[in-house]
Amino acid sequence: MAEVGAAGSRRSRRGRKAGQAASRRELISRSVQSAEHCLRERDYGTAYAHFLLVLSLAPELKDQFKETFQYALFKWAEELYSLNRSQDLFSCYEQALDLFPNDDVICNSMGEHLFRLGFRDEAAGYFYKAVKLNPNSADAKENFYRVANWLVERWHFVMLNDGKRNLMYQKAIEKAVQTGCKTVLDIGTGTGILSMFAKRAGAPHVYACELSKTMYDLACEVLAANNMEDEIKLLHMKSHDVRVHEHIPEKVSLVVTETVDAGLFGEGIVETLIHAWKNLLLEPKPKYADGEGYGQVIPAGAVVYGMAVECSEIRRHHRVFVTEVAGVKLGTAVQFSSPIHSSRKANDVTEPYATEKFGRVPGGYKTLSQPFQAMTVDFNSLQDLESIASGKTCRISVLVHEQGQLDCFITWFVLHLDSEHNLSTGPSEETCWEQAVFPIQNLSADGYFVSVGDTVVVDVSCPDCYLKLDLVTVIRAGEVDNTMSCSTMPVGNETELCDALASLHTRHQEDNVQEPCILETSEIALLNNIAYHESFKTAIGKVTSSMMPEESSSFRTTNDVSFPKEDPLYVLDVSEGFSILPLIAAQLGRVKSYSSVEEEQHCAALERLSERNGISKGSLEFWLNQLEADDDVLQRPKSDKLWSIIILDVIEPCGLIRQEVMEKAAIARCLLQIGGKIFPQSVVINGILIESHALMQECAVQGTGPTLGFNIAQSINQFKVPVHVFLNLSTLPCVYLSDPIELLRLDLMNPYLNSFSVATEIKVKICKSGQVTAVPFWYHLYLDKDIHLDTSSATSHWKQAAFVFETPLSVGEGEELLLGLHFQNSNVSMTLRRTQE
Ligand code: 44T
């Protein structure tokens, strides 16, 4: 609007202002009317736009219209979502948050949309903000708990609780500072602990960089909590982007870092230090030089060790070793493969190794060789670092000293912080570390067995950041005279010979024209679980035979070219991921199975298996195709009520109940034929009271003791979650304080009887005095009243979850407690109190 000249009379200006105010009021009230009208008409987009205008013009109305505005926003967002207009959706939320920056409900809803569209980190940020804005919001809290693991990975708690590791770093840093290091850069500072060690040791200048925004924010909070915010300069950036003069005033004399993973190199320490030596560090100290003014790195170096290992837990998660499952022959029709494999292609996002804490692996492990030195690295030598980065490969011969199945190589390392301070991440060490696992795959069935005196040949390298161990061949004791127990040789002319030999040992697949079918590790464990599939086979058989009593199905084979005249029974498997249950059902005869697998390789695998097992073509359908295909072409159920069996996948491999299971059961219930069944028909949640300090260490930093007096717990524990997942209950160090207790029964056949939210209190008798710290829980899935699956069994593909209490409760033997259980939206929470209180 054109400015009125200074000469304009006061009166006319006031008059104009009054006029403007009136027209503003008019505009606002009209817009409110329009908005409300649009809401009634369910035109949410326009309603939202009107409200936006109203509240921008008249912020004083925010309180009055907040809820209606939110309603319009959420409704409009749903429409935008279903129209795939995600950009517009997020713009709306950003506008809404400009108006209501401190509104937890909008924040939480924004997080939910981000999450739904796959932006998990961003979603996590909004959930965190929503919880901070309103710590009592149950929705925001549940959402936050589900994503907290991405914001702050759980190993932070474990590492900060590892007092030995902290003390070792502190001593090494102290020594370096006392011998003259004045300027320190902490790369990947995390919560800032190493920087604080340097400051406390007296370093005059300490800088730290951290690339994760959440960790950077956390480090700021930690420094403030320890009154060090003015003494340590924190940078939110990757070390590669740090520039001398611009970000730090001078080159530093000490770099401290713990950017190492279980496979040592996976966090990019080699590239990080190459960059640091070239740009951020003073010259390295010449061998015989004295005094100050040189650059150095803590850790000074590392040695990586490897070992050949037999381990049934690794085997069952990484290779399909069963040849027949509940009557379905697997044979060689499909080559199943673990997602962890050394022959990664460029741009492969999967890591070439898994990790496992071997001290706690269920079923234990057996060493087949002595530990061998796989690689050494001097972090103070640019030349050494560059040689590793160039991808040099070392071929190592390892003598087998114990017979067994060669399931994997495992590696660990000793970190030499300096000449006197070391940390080992070995499998028998009392540390927070896991070991890296390189599963062996694709040998012939008897190729895995190795005998004393055999030699296992392995190539070790570190291309593209990750440590890699490749099995070259197994030289059988009789084949070649071999007296070396373990020798390292650079890869030379023998390579071709060995490769030729290796190909003799690997399986020849006549039908290896097709791509391997890569399964998740839990899918592989499931496929290896014969008892699981047998249970289903029996339970499905019982239902189908009860539903066609008029004839014996035994002389009907599935090889019939045409379907019998009578209608078949329909079985729908809505398992998540790969499942052969539809094949098992189809083999029972007169059954038409529907699989809900989505991935192309899964469909292809099921089709091949179906063909190999002589299952007639029409007996297996893919639900996805169904949704798209013409109804008349495929024989689909004529009415919606034709399913005889619907198989639901109720438990996630991590040990939690899947989201919306009861809602799905309610829908499934409506689609069942009379006499039809949902599998499982009911789910019993079982639990047990335990005292476990190991579990507490993984959930929260335990005071200032382990962090050597620094206050880190308070800040990082904001990211703790009450339910711990992926637990191996069978090997968790703990004391049982009660017998197993039935916590809750969910009846999936009558889902309306269990309202989706349940609160109960259960009496628990204490059988041993101690401190109750947690309640691990697992499930019995009842396929019918006689057949159930136990998710805590040794062959289960499920892990367990545990509810961890805020504070431990001291209990005495014989005492009776009340365990409160709350089940809402598939989330479990618990409380514990004494009966007499
Ligand atoms: N491994 C956990 C610890 N960073 C990995 O953002 C321990 C794994 C673990 N910042 C078994 C056991 C355990 N510039 O916050 C992270 C990360 C940051 C950088 C700036 C850089 N060049 C980097 C590189 C990484 O550093 C922090 C620590 S790195 C991860 C430590 C129980 N398996």
Side-chain angles (χ1 to χ4, degrees), residues 102 104 107 124-137 140-167 169-170 173 186 188-201 206 208-210 212-236 258 432 692-724 771 773-774 802-809 829 831:
N102 295 326
D104 61 292
C107 264
Y126 279 96
F127 294 146
Y128 179 63
K129 200 170 157 200
V131 174
K132 278 224 145 174
L133 289 168
N134 178 7
N136 296 322
S137 157
K141 258 201 301 210
E142 285 307 340
N143 284 330
F144 172 68
Y145 291 154
R146 288 204 167 248
V147 298
N149 298 340
W150 286 304
L151 284 177
V152 176
E153 291 176 73
R154 298 298 101 176
W155 51 257
H156 282 288
F157 296 99
V158 184
M159 287 181 85
L160 289 165
N161 279 322
D162 187 346
K164 185 177 153 200
R165 163 238 178 213
N166 296 336
L167 192 61
Y169 258 99
Q170 167 163 279
I173 291 170
D186 174 4
T189 192
T191 53
I193 189 169
L194 300 187
S195 297
M196 295 195 291
F197 287 158
K199 199 70 223 178
R200 188 155 70 182
V206 180
C209 64
E210 171 55 55
S212 142
K213 175 74 166 84
T214 312
M215 291 314 296
Y216 165 80
D217 288 342
L218 197 55
C220 292
E221 212 180 301
V222 168
L223 295 190
N226 293 279
N227 300 316
M228 286 197 169
E229 69 268 45
D230 298 328
E231 316 203 20
I232 296 166
K233 186 173 174 192
L234 265 181
L235 302 161
H236 174 216
E258 203 183 14
C432 59
S692 172
H693 295 278
L695 184 54
M696 295 227 298
Q697 305 255 318
E698 290 171 28
C699 296
V701 174
Q702 308 291 311
T704 53
T707 50
L708 311 183
F710 287 121
N711 184 359
I712 301 179
Q714 222 174 10
S715 309
I716 196 166
N717 287 354
Q718 297 174 90
F719 290 86
K720 75 179 179 198
V721 297
V723 176
H724 192 85
Q771 304 243 312
T773 62
F803 188 87
V804 181
F805 294 109
E806 277 285 329
T807 45
L809 183 73
S829 69
T831 54

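For clarity, every value in this text was computed on a predicted model and none was experimentally measured. Because only heavy atoms are used, hydrogens play no part in the values below, and waters and symmetry mates are left out as well, while side chains stay in.
Between the side chain of N717 and the backbone N or O of A700 there is no donor-acceptor pair closer than 3.5 Å. Put simply, the side chain of N226 gets close to the backbone of N711: a donor and an acceptor are under 3.5 Å apart.
Put simply, SG on C209 and NE2 on H236 are 10.5 Å apart, with the number rounded to the nearest 0.5 Å. Here the OG1 atom belonging to T191 is positioned 10.5 Å from the CZ atom belonging to F157, to the nearest 0.5 angstrom. One distance of note links CG of L235 with CD of E210; it measures 11.0 Å at 0.5 Å rounding. Of the inter-residue distances, the one linking M228 atom CE with L223 atom CG reads 8.0 Å to the nearest 0.5 angstrom. A distance of 12.0 Å separates NZ in K141 from CG in D104, rounded to the nearest 0.5 Å. To the nearest 0.5 angstrom, R165 atom CZ is 11.5 Å from L167 atom CG.
Of all non-hydrogen atoms in N166 and P706, the two that sit nearest each other are ND2-O, 2.7 Å. Nearest heavy-atom pair across V701 and N161 is CA-OD1, 3.5 Å. Across all non-hydrogen atoms, the minimal contact from R154 to A148 is NH2-O, 3.3 Å. Here the closest heavy-atom approach between residue V206 and residue A198 is recorded as CG2-CB, 4.1 Å. Taking all atoms of both residues into account, the shortest heavy-atom contact from S692 to T773 is N-OG1, 2.9 Å.
Side-chain contact check for F803 versus S829: some heavy-atom pair is nearer than 4.5 Å. Side-chain contact between P808 and M696 is present, with at least one heavy-atom pair separated by less than 4.5 Å. Side-chain contact between L160 and I716 is present, with at least one heavy-atom pair separated by less than 4.5 Å. Counting heavy atoms from C-beta on, the side chains of L708 and F197 come closer than 4.5 Å.
Under the rule for a ring-ring contact (aromatic ring centres under 6.0 Å, His included), Y126 has no partner lying at least two apart in sequence or in another chain. Taking the side-chain contact (heavy atoms from CB on, under 4.5 Å) definition, one finds that E698 meets it with V158, K357, R360, H724, sequence neighbours left out.
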Practice item. In sequence, state the C-alpha distance, the side-chain angles, and the governing distance for L151 and F144, and then conclude on side-chain contact (heavy atoms from CB on, under 4.5 Å). Key: CA-CA 10 Å; L151 284 177; F144 172 68; 4.0 Å; yes
**Study point:** Chi angles and distances behind the salt bridge (Lys or Arg N to Asp or Glu O under 4.0 Å) call for R200, E231
**Key:** CA-CA 10 Å; R200 188 155 70 182; E231 316 203 20; over 6 Å; no
Practice item. Determine, stepwise, if the pair C107 / L133 fulfils side-chain contact (heavy atoms from CB on, under 4.5 Å). Key: CA-CA 9 Å; C107 264; L133 289 168; 4.1 Å; yes
Practice item. Report the C-alpha separation of H156 and F719 in whole Å, then their side-chain angles, then the decisive distance to 0.1 Å, and conclude whether the side-chain contact (heavy atoms from CB on, under 4.5 Å) test is met. Key: CA-CA 10 Å; H156 282 288; F719 290 86; over 6 Å; no
Practice item. Please step through side-chain contact (heavy atoms from CB on, under 4.5 Å) for the pair M159 and I193, ending with a clear verdict. Key: CA-CA 11 Å; M159 287 181 85; I193 189 169; over 6 Å; no
Could you give the side-chain donor-acceptor pairs of residues 214-221 under 3.5 Å, partners two or more places apart or in another chain?
| unit_1 | atom_1 | unit_2 | atom_2 | d |
| --- | --- | --- | --- | --- |
| D217 | OD1 | K213 | NZ | 2.9 |
| D217 | OD2 | K213 | NZ | 2.9 |
| E221 | OE2 | Q718 | NE2 | 2.9 |

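Using modelled atom types and a 3.5 Å distance limit, the side chains of D186 and T189 yield a donor-acceptor pair.
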